[in-house]
Amino acid sequence: MSRSRRDLVWIPTFAVLVAFAVPWPLWGVDRVVAGLPVWIWWHVAWLGLCAALFSLFVRSGAWERGMGLRPETGAEGGPGSESGPALGGDRP
Amino acid sequence: MTLGLSLGVVVGYLLFALAVGLVAYRVSEATAEDYYLANRSIGTVVLLFTTFATLLSAFTFFGGPNLAFAAGPEWLIVMGTLDGVLFAVLWYAIGYKQWLIGDRHGYVTLGEMLGDRFGSVGLRALVAGVSLLWLFPYVMLQQMGAGEALVGLTGGIVPYWGGAALVTAFMILYVVLAGMRGVAWTDTVQGLFMLSVVWVAAVWVVSAVGGVGAATGAMLDARPDFGSFGGGLYSPGFIVSTAITIAFGVTMFPQINQRFFVAKSGETLKRSFALWPVLVLLLFLPAFMLGAWAVGMPVEVPEGANVLPVVLNEYTPAWFAALVIAGAMAAMMSSSDSMLLSGSSYFTRDVYRPVINADASERREAWIARIGVAAFALAAFVASLFRPGTLIEVGDTAFSGFALLALPVICALYWDRTTRSGMIAGVLVPQVAYLAVVLSAVVGAVPTLPRTVAGGWDVALGLMVLSALLTVGVSLVTAPTAEGDASRFAVAGD
């Protein structure tokens, strides 16, 4: 249970990853660093961070648990678990 | 002389790509399937690159640099955010669930899945019809891009319609000759080719103008406003609504959405996306920066031409410029080909068979699909001659149309209480409203409805909210129909 509660952390994590892929704090900043505007470097670094966190997310198994599947069994259904709360995405 | 060389390279490369597609199709029919079925690691690579290949369109190669040239390099941020991050998150939220459901029930199209869940042929045909409707401007976009590319490459000697006609002819040839099966790995090969060639082009041009710092310096001398983030076209409203509508729209693209079903292993679908943000950036960074840097270069971009071919013509040998353009056109051709193929499967499976002729033979169905694709591509070609907007505008229209499907679909995937009436209202009403907005700009007789409000906010974003509200609201006040079966979307247990 505490495990699936910890999985919920991924929802705000993804929200932050999406929101700040746009370098909002650098709005209007026109400094050039190493040949490119500094906000382009922010974006490049941020997408690198996204790639790292995505692979962490995939390895954590949170996704399968969110779908009501056990990570060990892959696409097999877990016993007695109805489709659980959807993790890792918007819930309408 | 140079003109002959350029055209020779372009037509030659297109023929070569066509031949490769044909050979690949004949030889590897089974292998392409094997990729998905057997080998998990190859499956990941192929899935990643076939999805990547859908980025290889006129929207990326020509529209993106054009916009960066006209309005600043912020387009990199918009595209990187929507494609590299938001789309990847949606890939997890929509794609994996759709894969689990499709795996259980053998669905092949989105309409089929929804039609079965809600017991409604009407919904199935509606979803397919809406998808085909928005596929039209996107195919048209490729033809416009090709037409403009050859104008830029040949300095206007080849007219716009000539380039558009050329790519249309190849699109139809590709589909009719290569048959009804997309060849995933030719997309992969072309994707890798274009990725490398764009970097070679960027290095070539940048070293010719004296390095990255000099290129940026010249850009800022010509357009000081390009250095600061935001401003001009790039209001917060524009950035947010463009990113959201395109990212949600991409998930509903027939060709992309079908990828959610074809992956044979959940593992493949899962792993593919970790590398996605980096891959996307590798393509966008050189392509869009070349467009932005071009403002500081002594180049003359003719009216109605794409900036990228003009820059390449100036700084790289004619054969190389022609090769990049040819590669871009071939990649566009093969990805629009996959789109047309997915579209035709929507048409035959979700409209023709269930609604028009349930007893059609396989052979007849295959022919209907081919003729349909040819007619569709020709109609899009005719429409492309009117040039109803810039590449970005036309592309954005198509993406927004698809985006209006996304929230009702997410709702159906995750909320058991969704009803058939809720789905139909949530899909139909926003589509009709958006179509009215789009058509009002084309039809002269009626006043043009605004596409954006309050400083760059796209009305499509508001309609997306409406689609969610309608789906949920109508579902709450209507009862599930007897034909519907929510358990169809359960992915755990038996």
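As the structure is a prediction and not an experimental result, all values here were calculated from the model. Chain naming here is simple, since letters A, B, ... match the order of the sequence lines and numbering starts at 1 in each.
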- Item | More than 12 heavy atoms from other groups under 6.0 Å of CH2 on A/W41 | no

- Message: Is B/P224 close to chain A through its backbone or its side chain, or both, or neither, when contacts mean heavy atoms under 4.5 Å?
- Response: neither

- Non-hydrogen atoms of A/W39 and B/S228 that approach each other most closely: NE1-C, 3.6 Å

- Query: Looking at side-chain heavy atoms only, is the closest gap between B/W276 and A/C50 below 4.5 Å?
  - Reply: no

- A/W46 (side chain) donor-acceptor with B/T81 (main chain) under 3.5 angstrom: no

- Task: Taking the side chain as every heavy atom from C-beta outward, state whether A/W27 and B/P236 have any pair of such atoms under 4.5 Å apart.
- Result: yes

- Mutual orientation of the aromatic rings belonging to B/Y92 and A/F54 [parallel < 30°, tilted 30-60°, perpendicular > 60°]: perpendicular

- Search all heavy atoms of A/A51 against all heavy atoms of B/P277 and return the closest pair with its distance. N-CG, 4.0 Å

- Evaluation steps, side chain to side chain contact (heavy atoms under 4.5 Å, CB included), between B/V278 and A/L47: CA-CA 6 Å; B/V278 174; A/L47 262 64; 5.9 Å; no

- Item | Proximity breakdown for B/L220 and chain A, heavy-atom pairs closer than 4.5 Å | side chain

- Task: Among the options A/G28, A/P37, A/S55, A/A19, pick out the one with the most heavy-atom pairs lying under 4.5 Å from chain B.
- Result: A/G28

- Is atom CZ of A/R31 surrounded by more than 12 heavy atoms (other residues, nucleotides or ligands) closer than 6.0 Å? no

- Query: Measuring heavy-atom distances to chain B, does A/V44 have an atom under 4.5 Å in its side chain, in its backbone, in both, or in neither?
  - Reply: both

- Message: Which atoms of A/V29 are under 4.5 Å from chain B, going by heavy atoms: the side chain, the backbone, both sets, or neither?
- Response: backbone

- Message: Among B/G217, B/G230, B/G231, which residue has the highest count of heavy-atom pairs closer than 4.5 Å to chain A?
- Response: B/G230

- For A/A21 and B/V85, the nearest pair of non-hydrogen atoms, with its separation, is CB-CG2, 3.8 Å

- Task: Starting at CD of B/E74, measure out to NE2 of A/H43 and round the result to the nearest 0.5 Å.
- Result: 11.5 Å

- Query: chain A heavy atoms under 4.5 Å from B/L279: which part of the residue, side chain, backbone, both or neither?
  - Reply: neither

- pair B/L285-A/I40: side-chain heavy atoms closer than 4.5 Å: yes

- Hey, are the side chains of B/F229 and A/P23 touching, using non-hydrogen atoms and a 4.5 Å cut-off? yes

- Could you look at B/I239 and say if it's the side chain, the backbone, both or neither that has a heavy atom under 4.5 Å from chain A? side chain

- Query: So A/L36 and B/T216, side chain to side chain contact (heavy atoms under 4.5 Å, CB included) or not? Walk me through it.
  - Reply: CA-CA 6 Å; A/L36 287 175; B/T216 303; 4.1 Å; yes

